[in-house]
Amino acid sequence: MEQNTYRYLQELSHSDFQIVEGEPDITGWEVKNEIGTYIGKVEELLFDPQTRAVRYLVVDLNDNLMNLDGKKVMIPLGIAHLHTSDDEVVLPGLHIDQFTALPGYDKDTIGPEMEVQIRNIIGSPAALRMEDTITEFDQDAFYKHHHFDKGRFYKRGGMLGNPESRNPEAGDAADPTNTRF
C-alpha cells in the first residue's frame with residue numbers, strides 16, 4: 001500500500017511563483033457575500049507547489065460587521081467566485097457561525113487535520129447533504145472535492161496553475177524564479 005505524504009501548501013507571495021500574465025492578481029481584493037456585504041480582503045493565496053494549483057484564499061476578516069477583527073481564515077478556492085465586473089471576490093452561502101468556527105490562519109499549522117476541519121465547517125452548499133467521511137487523508141483525492149474546483153472561481157479566462165497557459169518562450173520551466181501560475 002502506498003504511503004501518502006502530505007505536500008505542504010505555500011504562500012504565493014513568499015514563493016518564486018507568480019500569476020500567469022493576463023490573469024488577475026486578486027491579492028488585496030475585497031471579499032463580499034452574495035448581497036454585497038463586506039467580509040474582508042484577500043490577503044494571500046495558498047498553493048500546492050507540486051501541482052501549481054491554488055487551493056485556498058487567505059481572507060483577512062478585519063473591519064466587517066462580524067466582529068472578527070484580527071482573524072484570518074482559509075477559504076477553499078472553489079466556494080468563492082470572481083465578481084463578473086468588479087475587482088472583488090464573492091463568497092456566497094457562508095454564515096457568521098462558520099467564519100467564527102473556522103480556525104485562524106497560521107501558515108505553520110496547516111496540515112491534513114486543519115484542511116479536514118475547514119471542509120467539515122464549510123460543508124456542502126447550504127449544508128444540506130452529508131459529506132463523505134474522511135478516514136485516511138489522501139491529498140490528491142481531497143482536492144478533487146468541489147471546494148477546490150478552479151472552474152467555479154475563475155470566470156475571466158485561464159486559470160492559475162494551468163501548465164498549458166505558461167509561455168515556454170519566457171523560460172518558465174527552466175528557472176524557478178520565473179515560474180508562473
Side-chain angles (χ1 to χ4, degrees), residues 4-15 26-49 51 53-83 86-155 160-161:
N4 291 321
T5 302
Y6 184 76
R7 296 184 308 270
Y8 286 90
L9 301 173
Q10 291 184 12
E11 295 178 333
L12 181 61
S13 68
H14 294 101
S15 74
I26 63 170
T27 306
W29 285 18
E30 289 187 354
V31 178
K32 297 182 178 180
N33 67 13
E34 65 274 8
I35 61 170
T37 303
Y38 178 82
I39 294 172
K41 287 192 183 228
V42 177
E43 180 172 289
E44 184 66 73
L45 301 175
L46 298 178
F47 73 99
D48 177 343
T51 62
V54 172
R55 300 301 185 188
Y56 294 92
L57 310 175
V58 175
V59 178
D60 185 337
L61 301 176
N62 278 332
D63 301 324
N64 59 38
L65 299 175
M66 295 186 288
N67 295 321
L68 295 173
D69 286 354
K71 186 171 186 179
K72 298 173 187 170
V73 295
M74 293 167 48
I75 302 294
L77 182 74
I79 66 166
H81 308 281
L82 282 180
H83 191 279
D86 295 326
D87 288 346
E88 59 190 35
V89 174
V90 178
L91 194 54
L94 289 185
H95 188 269
I96 187 171
D97 293 339
Q98 290 169 299
F99 286 107
T100 302
L102 283 169
Y105 171 69
D106 175 2
K107 71 179 179 178
D108 297 326
T109 62
I110 300 171
E113 297 82 15
M114 179 180 273
E115 290 197 70
V116 170
Q117 181 183 10
I118 291 167
R119 178 168 151 179
N120 289 339
I121 290 167
I122 291 175
S124 295
L128 292 177
R129 69 175 181 86
M130 294 292 293
E131 289 288 346
D132 296 331
T133 302
I134 299 172
T135 55
E136 183 178 324
F137 189 84
D138 177 337
Q139 199 165 12
D140 292 323
F142 185 81
Y143 292 143
K144 289 180 182 172
H145 190 271
H146 66 269
H147 286 173
F148 303 97
D149 180 358
K150 294 178 280 190
R152 294 174 63 158
F153 182 75
Y154 289 98
K155 306 285 186 194
L160 294 179

Just to verify, which of K107, E44, E11 counts as forming a side-chain contact (heavy atoms from CB on, under 4.5 Å) with V58?
E44

Are [X] and [Y] packed together at the side-chain level, in the sense that at least one heavy-atom pair is separated by less than 4.5 angstrom?
{"X": "I122", "Y": "L102", "result": "yes"}
{"X": "I75", "Y": "V89", "result": "no"}
{"X": "R119", "Y": "P76", "result": "no"}
{"X": "D69", "Y": "N62", "result": "yes"}

Atom [atom1] of [X] and atom [atom2] of [Y]: how far apart are they, to the nearest 0.5 Å?
{"X": "R55", "Y": "Q10", "atom1": "CZ", "atom2": "CD", "value": "13.0 Å"}
{"X": "F99", "Y": "N33", "atom1": "CZ", "atom2": "CG", "value": "8.0 Å"}
{"X": "L9", "Y": "I110", "atom1": "CG", "atom2": "CD1", "value": "5.5 Å"}
{"X": "N64", "Y": "K41", "atom1": "CG", "atom2": "NZ", "value": "12.5 Å"}
{"X": "L57", "Y": "I26", "atom1": "CG", "atom2": "CD1", "value": "4.5 Å"}
{"X": "N67", "Y": "L61", "atom1": "CG", "atom2": "CG", "value": "11.5 Å"}

For Y38, enumerate each residue passing the ring-ring contact (aromatic ring centres under 6.0 Å, His included) test, keeping only those at least two apart in sequence or located in another chain.
none

Heavy-atom pair of closest approach, residues [X] and [Y]:
{"X": "V73", "Y": "P103", "result": "CG1-O, 3.9 Å"}
{"X": "V42", "Y": "L45", "result": "CG1-CD2, 4.2 Å"}
{"X": "Y8", "Y": "P49", "result": "O-CD, 3.5 Å"}
{"X": "Y105", "Y": "L46", "result": "OH-CD2, 3.5 Å"}

Side-chain donor or acceptor of [X] paired with backbone N/O of [Y] under 3.5 Å:
{"X": "D60", "Y": "G40", "result": "no"}
{"X": "Q98", "Y": "I121", "result": "yes"}
{"X": "K71", "Y": "T100", "result": "yes"}

